[in-house]
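Treat the numbers as computed from the prediction; the structure is a model and nothing was measured. Values reported hereafter were calculated over all heavy atoms of this structure, with side chains retained and with hydrogens, waters and symmetry mates removed.
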2 protein chains.
Amino acid sequence: MYQAKLEKDIRCPLEYGLDVFGGRWKSRIICVLAHQGTLRYGILKGEMTNITDAVLAQNLKELIADGIVRRTSFDEIPPRVEYNLTEKGESVVPILQTICRWSGAYHREISGLSIAQCRKCDYTAEKRS
Amino acid sequence: MYQAKLEKDIRCPLEYGLDVFGGRWKSRIICVLAHQGTLRYGILKGEMTNITDAVLAQNLKELIADGIVRRTSFDEIPPRVEYNLTEKGESVVPILQTICRWSGAYHREISGLSIAQCRKCDYTAEKRS
DNA sequence: CAGTATCCTATTAGATACTG
DNA sequence: CAGTATCTAATAGGATACTG
């Protein structure tokens with residue numbers, strides 16, 4: 001008999017962290033918001049390369065549910081919605097920086113590309129406040 | 001026309017790092033090896049809860065290919081194979097510790113469980129050398 | 001503008017059986 | 001013992017069309 005997938009029962013903190021900001025898109029969204037501050041949906045989408053609305057909306061929902069991103073909608077026509085990091089969201093930025101620095105040491109050997117070519121995640125740049 | 005999935009073209013260092021030690025299993029494997037040192041296949045499997053051979057073997061292969069884990073096989077009957085972290089592998093442990101500490105601050109509010117219940121990832125314990 | 005809805009594909013995980 | 005092979009299942013990602 002086929003068993004249904006095992007629940008993520010007693011979750012370790014590592015898994016929680018990787019759920020919240022791991023994956024292909026979430027870390028980049030946090031990354032972009034950390035640099036650009038508050039962004040409207042369309043601008044945020046433009047800062048992510050090759051993301052579709054379906055995927056961006058899904059990831060934003062999860063980030064909001066996890067308390068990483070704050071959504072502010074204005075009652076205007078045309079509609080305006082802005083996204084920025086919460087305090088909890090800001091607190092993961094140093095972790096992403098650490099990963100970036102670690103990866104930077106090995107990145108070239110893998111891709112042949114300099115870390116400098118990744119502008120979106122360039123944590124060496126000054127962060128705007 | 002349906003387009004094939006976009007390649008991960010110019011990869012940012014963040015993505016590289018999350019590829020290498022993100023995901024459900026890789027971080028745990030690194031975690032266990034960081035604590036237990038060198039382990040045989042069977043013991044390693046036992047330290048991971050609910051992993052199948054297919055999945056463990058697959059993840060180990062990738063970790064070896066990425067230079068995180070070293071595989072040593074002994075020419076004995078029955079066969080003996082040992083796994084441990086490389087220097088590169090050891091260098092990601094502090095990152096996992098950081099994630100652990102960050103998550104610990106939010107873990108309880110999510111799961112209702114204390115961080116202490118996650119023994120496998122308990123980086124507060126002394127690491128054996 | 002800021003998304004939903006729907007459908008499809010690609011990737012990852014899990015179960016089971018088997019082998020050098 | 002330490003896996004491989006082969007299958008199915010679950011999930012994440014992607015394309016396209018459409019809406020308040």
Return the value, rounded to whole Å, for the distance between atom [atom1] of [X] and atom [atom2] of [N].
X: A:Leu18; N: D:dA12; atom1: CG; atom2: P; answer: 14 Å
X: A:Ile29; N: C:dA2; atom1: CD1; atom2: C1'; answer: 15 Å
X: A:Ile77; N: D:dG20; atom1: CD1; atom2: P; answer: 13 Å
X: A:Ile43; N: C:dA2; atom1: CD1; atom2: C1'; answer: 12 Å
X: B:Arg28; N: C:dT12; atom1: CZ; atom2: P; answer: 20 Å
X: B:Glu82; N: D:dG3; atom1: CD; atom2: C1'; answer: 16 Å
X: B:Glu62; N: C:dT12; atom1: CD; atom2: C1'; answer: 9 Å
X: B:Glu15; N: C:dT11; atom1: CD; atom2: C1'; answer: 15 Å

What's the closest nucleotide to the side chain of [X] if the choices are [options]?
X: A:Trp25; options: D:dG13, D:dA2, C:dG3; value: D:dG13
X: A:Lys61; options: C:dT4, D:dT4, C:dA2; value: C:dT4
X: A:Arg71; options: C:dG3, D:dA2, D:dG3; value: C:dG3
X: B:Pro78; options: D:dC1, C:dG3, D:dG14; value: D:dC1
X: A:Tyr41; options: C:dG3, C:dG20, C:dC1; value: C:dG3

Decide side-chain contact (heavy atoms from CB on, under 4.5 Å) for B:Asn59 and B:Trp25; before the verdict, give the C-alpha distance in whole Å, the side-chain angles of both, and the deciding distance to 0.1 Å.
CA-CA 7 Å; B:Asn59 278 273; B:Trp25 296 113; 3.9 Å; yes

Check whether any side-chain N or O of [X] sits under 4.0 Å from OP1 or OP2 of [N], and answer yes or no.
X: B:Tyr83; N: D:dC1; answer: no
X: B:Arg80; N: D:dA2; answer: no
X: A:Arg24; N: D:dG14; answer: yes

Show your reasoning for whether side-chain contact (heavy atoms from CB on, under 4.5 Å) applies to A:Leu33 and A:Ile29.
CA-CA 6 Å; A:Leu33 289 178; A:Ile29 294 170; 4.1 Å; yes

Give me the stems containing DNA chain D, sorted by first residue, counting only three or more consecutive Watson-Crick or G-U pairs with both distances under 3.5 Å; say none if there aren't any.
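If one scans DNA chain D for consecutive Watson-Crick or G-U pairs, the stems found are C:1-20 with D:1-20.
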
Check against side-chain contact (heavy atoms from CB on, under 4.5 Å), B:Tyr83 and B:Leu39:
CA-CA 5 Å; B:Tyr83 294 92; B:Leu39 290 180; 5.6 Å; no

Does a salt bridge link B:Lys45 with B:Glu47, judged by any charged N lying under 4.0 Å from a carboxylate O?
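Result for this pair is no, no salt bridge flagged.
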
Electrostatic pair A:Glu90-A:Lys88, nearest N-O below 4.0 angstrom
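A:Lys88 and A:Glu90: not salt-bridged.
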
Selection: residues 51-60 of chain A, any non-hydrogen atom under 4.0 Å of DNA chain D
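Result for residues 51-60 of chain A: A:Thr52, A:Ala54, A:Val55, sorted by number.
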
Would you mind classifying the nucleic acid contact of A:Phe74 as base, sugar-phosphate or nothing, using non-hydrogen atoms under 4.0 angstrom?
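No contact.
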
Which of parallel (below 30°), tilted (30 to 60°) and perpendicular (above 60°) describes A:Trp102 and B:Tyr16?
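A:Trp102 vs B:Tyr16 ring planes: parallel.
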
Determine whether a donor-acceptor pair (N or O, by modelled atom type, separation under 3.5 Å) exists between the side chain of B:Thr86 and the backbone of B:Gly67.
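Answer holds: yes.
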
Kindly give the heavy-atom pair with the smallest separation between [X] and [Y], and that separation in Å.
X: B:Val20; Y: B:Lys26; value: O-CD, 3.2 Å
X: B:Ser103; Y: A:Pro13; value: OG-O, 2.7 Å
X: A:Ile99; Y: B:Gly17; value: CG2-CA, 4.0 Å

